[in-house]
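Please read through the structure below; I'll follow up with questions.
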Amino acid sequence: MNHWLVKSEPDVFSFADLLKAPKKTTCWDGVRNYQARNTLRDQMKKGDRVFYYHSNAEPSGIAGICEVVREGYPDHTAIDSKDPHFDPKSRADAPTWYMVDVRAVAAFPRLVTLAELKGVKGLEQMALVRKGSRLSVQPVTRREWEIVCRIAGHSPD
DNA sequence: GCCAACGTTGGC
DNA sequence: GCCAACGTTGGC
């Protein structure tokens, strides 16, 4: 099993929103970055566990865990001219952008903030804490996963 | 609200 | 293919 982290602005769609969603599931649409697209399309597999990170928040941090329940498929919002994530260059018969479906697994007992993750031994290489990292879908190593879960007071499994 | 860092676009 | 201009992300 691989581990990942996805970012969402809680003002737009928070972890609490995911918990309230039908089947606690949503499609992870709107990603318009090629590196993140490749991860969504090629690497995220059913059952993989994913940190749910609140960006642009007060405070920003990891709110909980979700899991991949559907593997990469074309992001239909790219070809919907009324959608805010519409991409006029995308074509229905040759999809550029992909998404997965994720389902909430568990909220952390408390938010693990970005501030406290910085400087934690073992997380130096984690994309999230590296300066200038803007990737909205990123890999997390097993070791990083365990460290964050321990800080959160949550089982890593 | 500011702005650094980054990705993308397009002229040449 | 280079790189300046521009738009976006996201911490602070």
Could you tell me whether a side-chain N or O of A:D48 sits under 3.5 Å from a main-chain N or O of A:N2, the two making a donor and an acceptor?
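At least one qualifying donor-acceptor pair exists.
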
Count the heavy atoms of every other residue, nucleotide or ligand shown that sit under 6.0 Å from CD of A:E124, and state whether that count exceeds 12.
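Yes, enclosed.
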
Take A:K89 and A:K131, find for each the nucleotide of DNA chain B with the closest heavy atom, and name the residue whose nucleotide sits nearer the 5' end.
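Mapping each residue to its closest nucleotide by heavy atoms, the 5'-most match is A:K131.
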
Residue met sooner reading DNA chain B from 5', once A:N56 and A:R134 are mapped to nucleotides:
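Closest to the 5' end, via its nearest nucleotide, is A:N56.
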
Once ring pair (Phe, Tyr, Trp, His ring centres under 6.0 Å) is applied, do any residues pair with A:F15, and if so which ones, sequence neighbours excluded?
A:Y52

Taking it one step at a time, do A:V137 and A:V31 satisfy side chain to side chain contact (heavy atoms under 4.5 Å, CB included)?
CA-CA 8 Å; A:V137 179; A:V31 173; 4.2 Å; yes

Identify the 5'-most and 3'-most nucleotides of DNA chain B with at least one atom closer than 4.0 Å to a non-hydrogen atom of chain A.
B:dA5 to B:dT9

More than 12 non-hydrogen atoms from neighbouring residues, nucleotides or ligands closer than 6.0 Å to CZ on A:R110, yes or no?
yes

